[in-house]
Amino acid sequence: MRASASGRRSIGVVCALLLASAVLCGCQRWQSASDSGDSTPGAGATPTRPSGYGAVFLGVDECSSFGTTSFTEVPCTSERAAARVIARYDGKVADGPSCPATTDFVLHISQTAPASDEDGDGAVPQGYACMRKLEPPHPGDPGGGGGPRTIVGDCVYSAGSGQVRETACDGTGRKPPEYKVTSAVSARSKCPASTALYVQLGGGKPVGCARPV
């Protein structure tokens with residue numbers, strides 16, 4: 001469905017949250033990881049009025065604008081376009097597939113069912129969109145200091161109370177890096193001897209081997 005500028009109907013509520021995805025451990029036990037907090041565009045977003053481009057709200061390859069309080073779907077050619085959907089899933093993040101490794105942030109989409117719209121099909125199912133910023137910097141890139149997943153090449157620092165947080169490897173983050181994830185393996189025993197932290201990554205190689213930087 002493509003709505004005109006004067007005839008769009010509100011079809012959803014979008015909240016932007018940066019998801020914590022890494023659970024890290026010390027030498028003998030896993031430690032809980034906190035949200036990196038270094039790149040959370042639109043965190044705490046309020047309900048918005050989506051623009052209605054495309055048949056699916058924020059479908060793959062569609063774009064969103066972002067500000068400090070809300071996200072809205074816009075044409076990717078718009079000057080307001082800031083991020084592109086690289087994957088889109090129905091349901092809750094905890095129950096669905098993981099976003100691609102270099103996702104910059106995730107948008108949570110609340111289920112809505114407007115009373116009417118132009119084609120009589122205004123329902124928007126609950127889901128989430130994996131977003132990639134149109135321009136750098138990309139916090140989801142290896143060493144970028146953010147993103148919903150911890151991947152090989154990322155750096156972390158100790159946040160106290162047995163927790164660690166992701167930070168930029170180049171030292172431009174709020175905290176300097178202390179450890180870097182150098183490889184992903186299927187079991188801790190396959191990490192090199194220089195490993196100081198074991199990082200839970202998920203997937204086929206769920207253990208990240210991190211060493212001091």
Side-chain angles (χ1 to χ4, degrees), residues 16-41 43 60-61 83-108 127-133 136-213:
L17 296 174
L18 180 65
L19 302 182
S21 61
V23 178
L24 288 82
C25 75
C27 295
Q28 300 298 329
R29 60 191 181 89
W30 293 104
Q31 295 179 340
S32 176
S34 302
D35 294 350
S36 69
D38 291 331
S39 56
T40 51
V60 174
D61 287 334
R84 185 185 302 272
V85 181
I86 58 175
R88 173 75 151 81
Y89 303 108
D90 291 337
K92 299 179 180 180
V93 173
D95 301 329
S98 297
C99 283
T102 55
T103 297
D104 286 331
F105 61 96
V106 177
L107 295 183
H108 289 237
Y128 54 102
C130 309
M131 309 299 295
R132 176 81 173 172
K133 293 169 62 178
H138 293 285
D141 281 351
R149 296 181 56 183
T150 296
I151 59 178
V152 173
D154 280 342
C155 293
V156 297
Y157 68 91
S158 174
S161 301
Q163 295 185 330
V164 294
R165 292 184 179 180
E166 194 174 323
T167 189
C169 289
D170 63 5
T172 58
R174 290 183 294 179
K175 297 288 186 178
E178 296 178 358
Y179 303 93
K180 184 173 184 178
V181 180
T182 57
S183 60
V185 296
S186 59
R188 295 188 196 182
S189 60
K190 295 185 178 181
C191 283
S194 59
T195 299
L197 290 175
Y198 301 95
V199 184
Q200 185 174 335
L201 303 179
K205 294 182 178 181
V207 180
C209 312
R211 66 184 182 187
V213 296

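The structure displayed is predicted, hence computed values, not measured ones.
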Taking all non-hydrogen atoms of both residues, which atom of K205 and which atom of A184 are closest, and how far apart? CD-O, 3.4 Å

Show the nearest heavy-atom pair for residues A129 and V85, with the distance to one decimal. CB-CG1, 4.1 Å

Side-chain heavy-atom pair K133, P139 within 4.5 angstrom cut-off: yes

Heavy-atom distance under 4.5 Å between the side chains of H138 and T102, does that happen here? no

Going from SG on C155 to NZ on K175, what distance comes out if it is rounded to the nearest 0.5 angstrom? 16.0 Å

Rounded to the nearest 0.5 angstrom, the CZ-CD distance for R165 and E178 is 12.5 Å

Side chains of C169 and V213: closer than 4.5 Å at any heavy-atom pair? no

Salt bridge (Lys or Arg N to Asp or Glu O under 4.0 Å), that's the test. Do D61 and R88 meet it? Break it down for me. CA-CA 9 Å; D61 287 334; R88 173 75 151 81; over 6 Å; no

Residue set satisfying side-chain contact (heavy atoms from CB on, under 4.5 Å) with P100, at least two apart, ordered chain then number -> I86, A87, T103, C130

Here the pair of heavy atoms bringing P212 nearest to S194 is CD-O, 4.0 Å

Minimum heavy-atom separation for A83 to F105, with atom names? CB-CZ, 3.7 Å

Look only at the side chain of E166 and the backbone of D154, and say whether a donor-acceptor pair between them is shorter than 3.5 Å. no

Can a donor-acceptor pair be found, under 3.5 Å and without considering hydrogens, that links the side chain of D104 to the backbone of G140? yes

Any non-hydrogen side-chain atom of L201 less than 4.5 Å from a side-chain atom of T150? yes

When you compare the side chain of M131 with that of V106, does any pair of heavy atoms fall below 4.5 Å? no

If only atom types and distance count, is the side chain of T167 paired as donor or acceptor with the main-chain N or O of P177 below 3.5 Å? no

Provide the closest heavy-atom pair for V152 versus T182 in the form atom of the first, atom of the second, distance. CG1-O, 3.7 Å

Validation row: Y128, P97 side chains within 4.5 angstrom (heavy atoms): yes

Does the side chain to side chain contact (heavy atoms under 4.5 Å, CB included) test come out yes or no for T195 and K190, once each step is laid out? CA-CA 10 Å; T195 299; K190 295 185 178 181; over 6 Å; no

For V181 against G208, the heavy-atom pair lying closest together: CG1-CA, 4.1 Å

